[in-house]
Amino acid sequence: MNIYRYDAVIVGAGLAGLSAAIEIKKAGLKTCVISKLHPLRSHSGAAQGGINAALKEKDTSAHEFDTIKGGDYLGDQSAIKTLCRKAPETIRRLENMGAVFSREANGRIAQRAFGGQSEPRACYAKDRTGLTCLQTIYEQADRLGVEFVDEWFAGDLLYDPFDRKAYGVAAMKLKTGEVAVFGAKATLFATGGYARCYAVNSNAHANTGDGLSLFLRKGLPLEDMEFVQFHPTGLAGSGILISEAARGEGGRLFNARNERFMERYAPQKLELAPRDVVSRAIEREILEGRGVGERKEAIWLDLTHLSAELIAAKLPELSDLAKTFLGLDMAKDRIPIRATAHYSMGGVPTDESCRAKASAALLTSGLYAAGECACLSVHGANRLGANSLLEAAVFGKIAGETIVSDMPSLDPIKASADDAGVFLDEIRKLLHSSGAESAAALRSSLQTSMTQNAGVFRNRASLEKQTEIINDLRDRFSRIRISDKSSAFNTELQEALELGHMLDYSALIVAGALAREESRGAHCREDFTARDDERFLRHTFGYLNGGKTRLEYAPVTIGEYKPEARKY
């Protein structure tokens, strides 16, 4: 049993994890980044459309208000101020590192319009913005000598619940099946989102929410898990993302009657209303029989009024996706799209310095989270497009700075071989189970049922049904069978481990949605259609114990912007 010791271990190699790693390594601390993938395959690279910053405005107040209103007033306004006020310097930092943003004719960084925003403030690199940022920051982390441990699966958080202290992780090397302990004074989770629990989603196959489940299994809470964002424009059938950049450049939505239907739902913003508004409009058109295509389960995204030259210059990747997966030319053909599970507003609760919380009132020691797996909450009930890369870059850096600041007060590393025991037992149980259940079949049932019962629209009956389904799937999971007993790249074992994590946090999504008897942002209850600030202007903290969920609540941090009607 190998035991590795570091000052800081970071789980996840996307934009947030790498931003933190740079700050920690610059301070001379021994730093390790663990990832299921090579860092350049992290999901941050899939972000297409842009990264927000108020570069041309007199201050950041409009960006702050747009973010607060876009989140339907559930966001913590002090954290949102930090996000928006650090945005311009974050763009300059990325540019100074070498990120090549698209430019205007005068040489300034180009910015395009995005949904729910009063000004065009999404800085972009054609439609490959996330990949540009990820490549740039990976190069800098590698240059500094950050140690990368690729293709390792983090399977257990080393955490003492009595002292509320973390001291590393246990992980499995995918190439050999070896399990090792990575001890650390500081442990940062930057493991991304969890949309893979839905059948139609835009996420990479690696986005199975493992980090969130590891927190739950230590008795730690997750915050606001009921708020799952559905992006309006996924390719019909597959859910592969067609970026909001397409609408930012002038794309329009039409139904089977050739109506530009967003005029009914958001007469001022039209296709550039926030994502939750547009997604519900699309799904409503389909449900009411105005869908397009052979099965009437899509809507047209039309860019044919734009020039082929503009599409080639600004949307080359989207054009390639349409050709590759649908055989359509975006400059000549309308593209069939439908809402796709995309982003998680909920996650590990943290303070504004990215320290993980043990409850609404208590902090942990040596444990941190940043990026999409964290919940500060800067997105509230609905994220604005192009604020996700920004959050990862801003709070990833803050997480690194916090770890450097905390390091002198953190306990010495106490990791031992015994710390791998929980993860080893989980692996042995799966490999030696004599049951007959298939991980692939159970995963398919989970994803299909989550889409049907806890998707864009929810109600009490559908959520209660989904609760029963998850309980049944959890029971069946205990009788799973792994036919592949090999050690090297045992993907069947990996997928079974991931399914266990998906079942854990899916229970929290459903429990939070069932208890929240209102509609707010991405959470839309058909039986409680109004926002209810008196009862539910508060954050959900969810716990999981023995398969049973427990909820408590915490107040939202309100600043100068008081909740008001949200109209577009």
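Counting from 1, the numbers follow the sequence of the chain as shown.
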Test item: side-chain donor near acceptor, [X] and [Y], under 3.5 Å:
| X | Y | answer |
| --- | --- | --- |
| Arg355 | Thr364 | no |
| Glu492 | Ser483 | yes |
| Asp210 | Thr208 | yes |
| Ser202 | His342 | yes |
| Arg196 | Asn201 | yes |
| Ser78 | Glu352 | yes |
| Asp224 | Ser377 | no |
| Ser388 | Arg383 | yes |
| Tyr343 | His379 | yes |
| His539 | Asp76 | yes |
| Thr557 | Gln77 | no |

Under the 3.5 angstrom rule, does the side chain of [X] hit a backbone N or O of [Y] as a donor-acceptor pair?
| X | Y | result |
| --- | --- | --- |
| Asn203 | Gly193 | no |
| Gln229 | Met345 | no |
| Asp425 | Val422 | no |
| Ser433 | Ile480 | yes |
| Ser42 | Ser44 | no |
| Asp163 | Lys165 | no |

So which atom in [X] and which in [Y] form the shortest heavy-atom distance, rounded to 0.1 Å?
| X | Y | answer |
| --- | --- | --- |
| Thr340 | Gly234 | CG2-CA, 3.7 Å |
| Tyr159 | Ala358 | OH-CB, 4.1 Å |
| Val456 | Ala339 | CG2-CB, 4.4 Å |
| Ala190 | Cys373 | CA-SG, 3.9 Å |

If you define the side chain from C-beta out and look only at heavy atoms, does anything of [X] sit under 4.5 Å from [Y]?
| X | Y | result |
| --- | --- | --- |
| Asn387 | Ile51 | no |
| Met172 | Glu178 | no |
| Val149 | Glu147 | yes |
| Phe153 | Ile34 | no |

Salt bridge or not between [X] and [Y]? Use side-chain N to carboxylate O under 4.0 Å.
| X | Y | answer |
| --- | --- | --- |
| Lys185 | Asp406 | no |
| Glu151 | Lys36 | no |
| Arg428 | Glu426 | no |
| Arg531 | Glu518 | no |
| Glu226 | Arg458 | no |
| Asp504 | Arg474 | yes |
| Arg217 | Asp156 | no |
| Arg460 | Glu517 | yes |

Kindly compute the distance separating [atom1] ([X]) from [atom2] ([Y]), expressed to the nearest 0.5 Å.
| X | Y | atom1 | atom2 | value |
| --- | --- | --- | --- | --- |
| Leu537 | Asp532 | CG | CG | 9.5 Å |
| Thr90 | Leu389 | OG1 | CG | 11.5 Å |
| Asp475 | Asn471 | CG | CG | 9.0 Å |

>> Looking at Tyr6, I'd like to know if the NZ or CZ of Lys30 sits under 6.0 Å from its six-membered ring centre while staying within 45 degrees of the ring's axis.
In response: yes
> Has Arg538 got its NZ or CZ under 6.0 Å from the middle of the six-membered ring of Tyr553, at an angle within 45 degrees of the ring axis?
Replying inline: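 Yes, a cation-pi geometry.
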>> Using the rule ring-ring contact (aromatic ring centres under 6.0 Å, His included), only one of Tyr543, Phe189, Phe541, Tyr368 pairs with Phe215; which is it?
In response: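 Exactly one pass, corresponding to Phe189.
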>> With a sphere of 6.0 Å drawn around NE2 of His38, does it hold more than 12 non-hydrogen atoms of other residues, nucleotides or ligands?
In response: yes
>> Tell me whether Lys548 at atom NZ has more than 12 heavy atoms from other residues, nucleotides or ligands lying less than 6.0 Å away.
In response: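 No, NZ of Lys548 has 12 or fewer neighbouring heavy atoms, counting only those of other groups under 6.0 Å.
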>> With side chain to side chain donor-acceptor pair (under 3.5 Å) as the test, pick out the partner of Tyr167 among Thr187, Asp411, Asp419, Asp160.
In response: Asp419
